[in-house]
Amino acid sequence: MNELFKLFHSQTFIQKTQQFCQTCEIEWHFIPPDALKLGGLGESAVKSAKTLIKRIVANSKLTFEELATILAEIEAVLNSRPLFSVSNDPADSKVITPAHYTIGRPLVAPAEPSLETVNVNRLDRW
């Protein structure tokens with residue numbers, strides 16, 4: 001972490017980053033650290049993710065793989081929301097979601113099988 005701190009604060013790195021951003025026409029707009037309400041959509045997405053994590057995890061202790069799976073599912077939920085209002089026409093089922101920009105299609109997970117008839121001892125970490 002100390003090496004990264006030194007790198008990010010070195011003048012040569014800052015100058016090269018600024019030069020790269022200028023050539024690519026990248027503009028940064030920062031908000032004050034204590035004014036999260038100015039973040040708009042970004043802060044709304046963070047709030048949505050936190051809410052989903054709290055509802056799913058609650059007070060459970062998870063393994064790394066379980067947490068990674070939950071975070072991937074939350075990512076799929078957040079990236080499956082429409083970017084604009086959905087048409088009222090039932091024949092128009094297409095919506096544009098953030099997933100269309102990342103993978104070119106919507107994130108659709110197959111339905112999971114019902115586990116109500118399986119013994120509880122086999123579902124210890126499902």
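- To the nearest 0.5 Å, the span separating CD1 on Ile53 from CG on Leu67 amounts to 7.5 Å.
- For Leu78, the side chain to side chain contact (heavy atoms under 4.5 Å, CB included) criterion is met by Ser48, Ala49, Leu52, Ile74, Arg81, not counting sequence neighbours.
- Under a 4.5 Å side-chain heavy-atom criterion applied to ILVMFWY residues, the cluster that includes Leu7 comprises Leu4, Phe8, Phe13 as well.
- Considering all non-hydrogen atoms of both residues, Thr97 and Ser80 come closest at CG2-O, 3.4 Å.
- Among residues two or more places apart in sequence or in another chain, the side chain to side chain contact (heavy atoms under 4.5 Å, CB included) test is passed with Thr69 by Glu73.
- When the ring-ring contact (aromatic ring centres under 6.0 Å, His included) test is applied to Tyr101, no partner is found at least two apart in sequence or on another chain.
- Listed here is the closest heavy atom pair of Lys61 and Glu66: O-OE1, 4.3 Å.
- Residues passing the ring-ring contact (aromatic ring centres under 6.0 Å, His included) test with Phe64: none are found, sequence neighbours excluded.
- Cluster annotation: Ile70 and Val46 are assigned to distinct hydrophobic clusters (Ile/Leu/Val/Met/Phe/Trp/Tyr, side-chain heavy-atom contacts under 4.5 Å, transitive).
- How far CD of Glu27 is from CD of Gln22: 10.5 Å, rounded to the nearest 0.5 Å.
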